[in-house]
Amino acid sequence: MTAEILKVDTVKDAESTPDQEQPYRELGLKDDEYARIKEILGRRPTDAELAMYSVMWSEHCSYKSSKVHLKYFGETTTDEMREKMLAGIGENAGVVDIGDGWAITFKAESHNHPSYVEPYQGAATGVGGIVRDILAMGARPLAVMDPLRFGPADAPDTRRVLPGIVAGVGGYGNCLGLPNIGGEVVFDATYAGNPLVNALCVGAMRVEDLHLAHASGTGNKVILFGARTGLDGIGGVSVLASETFDDTAGAGKRKKLPSVQVGDPFTEKVLIECCLELFAERIVVGIQDLGGAGLACATSELASAGDGGMHVYLERVPLRATGMMPAEILSSESQERMCAVVRPEDLDAFMAVCAKWDVIATEIGEVTEGDRLVITWHGEVVLDVPPRTVAHEGPVYERPIERPADQDALQADAPDRLPKPADGELLELVKTMAASPNLASKRWVTQQYDRYVRGGTVLAQPSDSGMIRIDESTHRGVALATDCNGRYTRLDPYAGAQLALAEAYRNVATSGATPVAVTNCLNFGSPEDPGVMWQFEQAVKGLADGCAELGIPVTGGNVSFYNQTGSTAILPTPVVGVLGVIDDVRRRIPTGIGAEAGETLLLLGE
Amino acid sequence: MRVGVITFPGTLDDVDAERAVRYADGEAVPLWHADHDLKGVDAVIVPGGFSYGDYLRCGAIARFAPVMQEVVEAANKGMPVLGICNGFQILCEAHLLPGALVRNSKLHFVCRDQWLTVENNETAWTTRYDRGAEVLVPLKSGEGGYQADQRTLDELEGEGRVVFRYAGGNPNGSRNGIAGITSANGRVVGLMPHPEHAIDALTGPTDDGLGMFLSLVDSVVGA
Amino acid sequence: MARVVVDVMPKPEILDPQGQAVANALPRLGFDGITTVRQGKHFELEVADDVDDATLAKIAETFLANPVIEDWVVRRVEA
Amino acid sequence: MARVVVDVMPKPEILDPQGQAVANALPRLGFDGITTVRQGKHFELEVADDVDDATLAKIAETFLANPVIEDWVVRRVEA
Ligand SMILES: Nc1ncnc2c1ncn2[C@@H]1O[C@H](COP(=O)(O)OP(=O)(O)O)[C@@H](O)[C@H]1O
């Protein structure tokens, strides 16, 4: 391998060539966003800075269209609802105190678009990502769930994506040793060409072991550990590849790379055990998983949440590909990596644990005085920014909102206009419904998921909720259910979100657990469509008001916009996950009747 | 009674195997793949999971771990060894048991509650069962199809070394419906289904699997 | 009847966890000097004489390989 | 540095569910005339020049293939 150092765009270059054209539009930045970056820096950004701002200010990372609405969750959460909440919106995942010294962390996330492009790997890495989020809170991941949405069951593209997605969810989760305790499989024409792959993970830790992502303590070391960094998922940033880059693809640019990431669940399993051992030894000051936006995200978020600055020596990052540029290294989405902040005196112990698990660990930088994130490349400064402007002070939009014109007509089209089944037709109708894809057994899917591993699964498919035992000595456990009916939400987003909440709440309650907290995964169309923004605003309001009514907080969630094929948006799909606590899992209530002879059937409610 | 439970990188069901040993009033002793040391245990369980990601072939890399050399040596001297799922695959790769496990005939990973017929109740791990008894335990694997050449199959069948056979249909294309086999001396047993996940009806379909761990206690303590 | 071989390999820039696992294991088994290993699939097909190269390419491209993450090569071999 | 290819195939008498699945699917996708398909593994290794053929055979025999169910072929190829 040649040790030749590629010529890269440095801060000095940026100062001396203020007017150099930059491909910021190709990277998804608007004119005014680019202007703001220049204003923040007092000069044009370097390639590395441009890459970092563009990925961090993307809709996915910055929540720029949803932020103003999500605030409402905080505004409607009372102190009483907050009582059991140890971490909430804004952290990697929400955390609640469930008693006996146990804390539970849980969160859902979407991996919709990648799963359409490459179903197996997209779904697999979706599971991998949410599991690392839970791990980064200091918890042992304990179970996963997978709310899925597909186009019509008989559509050719569904035949392409469904088996791959299911195999990917199973392949990754099974190999991690995480039981799959529930999920959803829903078919609707609006998801054709835009399947939804939401993944939820739940984990547990002792209350005192909670880890938050921040880099503090001047002189502390920043360690990157896990897989090597490759060219995964940097499709967009490849437009920055330097003109001097010798590439056969011509035009001085890297050839267009697939923005597909390939998961390696084995590496992640080892990484989990390695992290848990590091936590147990209490040698981690701060930790952050590398997900979307990779190192750009991890370094800026750690630095932004900490009390100092950070210096990263980017050339130290172990690479899988040759000739990677700083901008590429920063935005690579290679999976199975974590970033930790460690006291210098603990460095050897940290490295020893990583060596035991054969995990590559590299000291890539340190926490510094001051408040700048500085990244150097072989001694030259390629990035020098105030980290808050990257991670927490991105653009915020008040997108136009407008109730769709067809909403009234939709609502007026009530079921009483449908013909009632005539005498004798009812049986046929029931049979037709039972055989319809949305109501039929989901066994083909759930049979591919390990539900038994770790020996704590008390309820799983086909129960109303999944339930796992947290403590083998006290039998304390938690139950989880996810639900959403997109058709209801399309008819009335406010009530639809509340119905999703109510359904998940009921599913948890009927298993014998007491609901305590809520997560969500809000899947919608384009935020640039005022009708979609109206759906979104209504759904958030409905969910928040519903939670206030029930007295349980939203502790976290995820927003996925731009779910549409052409100009047709998916049904608004705010998937709601409810977490419940049960003192003694032996008193769970299984789904179904007939467990004991002589049971009485009662109908509650109207 | 001290029972070693091996952890390789990627092992998953080690915690479950340890729990099952405890349920049978044994002491579970964790063994680490990189150690040349069985810590003086009376028996060894090679648990399920995806050792080394099951890359290359299930069990192909784990077989070469230092601890496995100790296991092979101890097994050859008569120590009881149980391989469950990935552990079964590892024991086959290590030639402690004949044959190999290949992709399920339907190609999908299958997780289901599976009926098995106990065909041999004279191994170190099955004396608590009646011959011909049917037990219900989880099966969860993607490469559980048992394969061996005809001569080996004839030998296994002829010597009564098929320990468990799938009942009520063949879930993965295993030859002769074989779910588990034993070594010539009846001390080493490997099976694809998971008895350690059927030790308590709260978290498994039944507690039918506990019999294997209780059998071990009998054979170690009685020996 | 013709004999056709199709080799399907992960694209060079794509992570190949399997090949990597093999490469990492070899030195532990005492085999040195193997610097990289990539693992892919190998198909052997028996093909009627009227199946032309374009059809074979199409089979490889649309079915045997996943062109998003894999490259493929088709070869006719003597029986 | 030499480039070495190892192909590992299920033995003819061993059931090959993957190859079978491919063979069954092809006609449904409109590809006729493919009578048999067997699926195996294809390894590409970069090997130091002092690694001899006997060592490569040993790697294939003891590690890359499981001779109970698989056959293997080692080939040196020009880079
Ligand atoms: N993708 C999935 N992953 C895991 N479990 C699932 C999935 N889809 C459905 N399930 C489980 O199957 C069972 C039945 O699901 P479903 O038919 O949607 O029931 P319901 O209508 O009562 O919610 C539930 O236990 C649910 O958690």
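Throughout, a chain's letter reflects where its sequence line sits, starting with A, and its residues are numbered from 1. These figures come from a predicted structure and were not determined experimentally.
The heavy-atom pair separating C/G40 from C/P10 by the smallest distance is CA-CD, 4.1 Å. Nearest heavy-atom pair, D/P27 versus D/A23, reported as atom, atom and distance to 0.1 Å: CD-O, 3.1 Å. Minimum heavy-atom separation, C/A65 to C/P67: O-CD, 3.3 Å.
Each of C/I59, C/V5, C/L64 was compared with C/F43 under the side chain to side chain contact (heavy atoms under 4.5 Å, CB included) criterion, and only C/L64 meets it.
In terms of non-hydrogen atom pairs under 4.5 Å with chain C, the most contact-rich of D/V4, D/L29, D/V6, D/V8 is D/L29.
The ring pair (Phe, Tyr, Trp, His ring centres under 6.0 Å) test applied to D/F63 returns B/F64, not counting sequence neighbours.
Proximity to chain D (any heavy atom under 4.5 Å) is restricted, for C/V51, to the side chain, taken from C-beta onward.
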Enumerate, by atom name, each donor-acceptor pair separated by under 3.5 Å where one atom lies in chain D and the other in chain C.
unit_1	atom_1	unit_2	atom_2	d
D/D7	OD1	C/H42	ND1	3.2
D/G33	O	C/A48	N	2.7
D/T35	N	C/E46	O	2.8
D/T35	OG1	C/E46	O	3.1
D/T36	O	C/E46	N	2.9
D/R38	N	C/E44	O	2.9
D/R38	O	C/E44	N	2.9
D/G40	N	C/H42	O	2.6
D/G40	O	C/H42	N	3.0
D/H42	N	C/G40	O	3.0
D/H42	O	C/G40	N	2.7
D/H42	ND1	C/D7	OD1	3.2
D/E44	N	C/R38	O	2.9
D/E44	O	C/R38	N	2.9
D/E46	N	C/T36	O	2.9
D/E46	O	C/T35	N	2.8
D/E46	O	C/T35	OG1	3.2
D/A48	N	C/G33	O	2.7

